[in-house]
Amino acid sequence: MSSEATVQIDGQTLRLTNLDKELFPQVGLTKAGVIDYYRQLAPVLLPHLTDRILTTYRCPDGVGKFSFFDKDAARHAPRWVRTCAVTVSDDEDPPGYAVLSNLAGLIWVANLAGIELHVPQWTVGPRCGRRSPDLLVFDLDPGAPATIVECCEVALWLRERLSKDGLTCYPKTSGSKGLQVYAPVTVASPDKTSNYAHAVADELAAEHPSRVVSQMKRALRANKVFIDWSQNNPAKTTVAPYSLRARDTATASTPVMWAEVEACRTAEDLRFDYAAVLDRVAEHGDLMAPLLDPGPRLPS
């Protein structure tokens, strides 16, 4: 296989390089394989990136080696990649974030060894103005020796609690060790989702003190599940659905069905690599497609 290729995508010319470099040496997944993974998943992945500023985690020499988060794509993006200078934190100048909406942009990122794709729970408008959040997320992080099995238990409690407020939620694996629960919502102010998530996390921690913690202190997390409500802070991002993770075995953040969450008994039950994700999408389509529709108003 040639290590370079020039391709035409969406009317743009892209020069792909180092295609034979193993970005995941343990499983033999090359940059060409990563590019092809994102190419095949573009129909279900791109809708979850559209109008959202993108932070990539780049591993130019492969996972386990030098890597970094890249926010300021405007420094090196071709002209046809949309960028938005958005202030998300008071202590930084606004980077020129990439905002992807087509296959060409996604392949451009993959060619940069952008393994992981991270986005916020809000979108930008035509002039890059920041909108209020449209997603609510609970990031469930198990403290050893707890695993994703315990996260599934907490996720079911979350589903029950959110349903009382008229919210329908959807789970996905983090692609690492935890689970994430999303719900589409409508809010009028940027802090509404964070405040609501914090209150729900505190409520569940009070109801299940031996299983759940809502405080940030790591010392409190042993054998419990930390409900990270802070991921709703407008300055934070969460790994996008279907994004690869920079792990040796090329796992991905994978949408799952509630029946799978209910049936989870071992950590392996909900660990999916890139090949498994492609198979699942072929069989089930986009399990998180409901997140693309407007959600109900978030209660006080």
Side-chain angles (χ1 to χ4, degrees), residues 41-52 116-123 132-142 148-187 192-194 196-197 200-201 204 212 225-232 236-245 251-264 269-272 276-299:
L41 284 179
V44 294
L45 170 57
L46 281 171
H48 296 286
L49 303 181
T50 298
D51 293 334
R52 298 184 193 273
E116 297 186 3
L117 313 174
H118 297 255
V119 290
Q121 315 314 318
W122 44 268
T123 61
S132 290
D134 60 345
L135 295 175
L136 174 73
V137 62
F138 295 87
D139 191 5
L140 308 183
D141 184 16
I148 198 171
V149 175
E150 286 73 24
C151 290
C152 287
E153 181 180 38
V154 176
L156 294 171
W157 292 335
L158 266 175
R159 180 180 64 169
E160 180 180 7
R161 173 62 186 83
L162 296 183
S163 70
K164 293 178 180 178
D165 285 336
L167 302 180
T168 302
C169 51
Y170 304 86
K172 73 176 176 71
T173 70
S174 68
S176 178
K177 59 182 179 177
L179 194 71
Q180 294 159 348
V181 176
Y182 285 77
V185 295
T186 298
V187 297
K192 185 79 171 181
T193 51
S194 186
Y196 176 85
V200 169
L204 288 183
V212 177
V225 173
F226 171 49
I227 300 180
D228 189 354
W229 50 270
S230 74
Q231 290 301 112
N232 295 281
K236 290 194 173 185
T237 61
T238 308
V239 67
Y242 308 106
S243 171
L244 291 168
R245 300 307 303 268
T251 52
S253 183
T254 310
V256 294
M257 295 176 283
W258 280 113
E260 294 176 295
V261 174
E262 294 167 354
C264 181
D269 291 343
L270 292 182
R271 181 175 290 120
F272 305 102
V277 173
L278 291 171
D279 290 341
R280 288 175 62 86
V281 170
E283 181 177 359
H284 303 297
D286 181 13
L287 293 174
M288 303 202 87
L291 296 183
L292 303 174
D293 296 325
R297 288 203 166 272
L298 197 62

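For the pairing with Ser132, the side chain to side chain contact (heavy atoms under 4.5 Å, CB included) check across Thr123, Val187, Thr193 returns one residue only, Val187. Exactly one residue among Ile227, Val154, Asp228 makes a side chain to side chain contact (heavy atoms under 4.5 Å, CB included) with Phe138. That residue is Ile227.
A heavy-atom distance below 4.5 Å is found between the side chains of Cys152 and Leu270. Between Arg52 and Thr237, every side-chain heavy-atom pair lies at or beyond the 4.5 Å cut-off. Under the 4.5 Å side-chain criterion, counting only non-hydrogen atoms from C-beta, Tyr196 is not in contact with Val185. In this structure, the side chains of Val277 and Tyr242 come closer than 4.5 Å at one or more pairs of heavy atoms.
Taking all atoms of both residues into account, the shortest heavy-atom contact from Ala155 to Val261 is CB-CG1, 4.4 Å. The nearest pair of heavy atoms linking Ser174 to Arg245 is O-NH1, 2.6 Å. Here the closest non-hydrogen pair linking Gln180 and Thr173 is OE1-O, 4.2 Å. Nearest approach of Cys151 to Pro142, heavy atoms of both residues: SG-CD, 3.5 Å. Taking each heavy atom of Tyr182 and Val239 in turn, the nearest pair found is OH-O, 3.7 Å. Scanning both residues, Gly178 and Ile148, for their nearest heavy atoms gives O-CD1, 3.4 Å.
Atom CG of residue Leu140 and atom CD of residue Gln231 lie 11.0 Å apart, to the nearest 0.5 angstrom. From Ser253, atom OG reaches atom CE of Met288 across 8.0 Å, with rounding to the nearest 0.5 Å. Of the inter-residue distances, the one linking Leu45 atom CG with Ser243 atom OG reads 7.5 Å to the nearest 0.5 angstrom. The CG atom of Asp134 sits 9.0 Å away from the CG atom of Leu291 when rounded to the nearest 0.5 Å.
With hydrogens and angles disregarded, a donor-acceptor distance shorter than 3.5 Å links the side chain of Thr254 to the backbone of Ala252. The backbone N or O of Gly295 sits less than 3.5 Å from a side-chain atom of Thr186, completing a donor-acceptor pair. Proximity of a side-chain donor or acceptor of Thr251 to a complementary backbone N or O of Gly175 within less than 3.5 Å is detected. The backbone N or O of Cys169 lies less than 3.5 Å from a partner atom in the side chain of Trp258, making a donor-acceptor pair.
Residue pairs that meet the salt bridge (charged side-chain N to carboxylate O under 4.0 Å, His left out) test with at least one member in residues 279-297, sequence neighbours left out, are Glu260-Arg280.
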Give the intermediate values and the outcome of side-chain contact (heavy atoms from CB on, under 4.5 Å) for residues Leu135 and Thr238. CA-CA 11 Å; Leu135 295 175; Thr238 308; over 6 Å; no
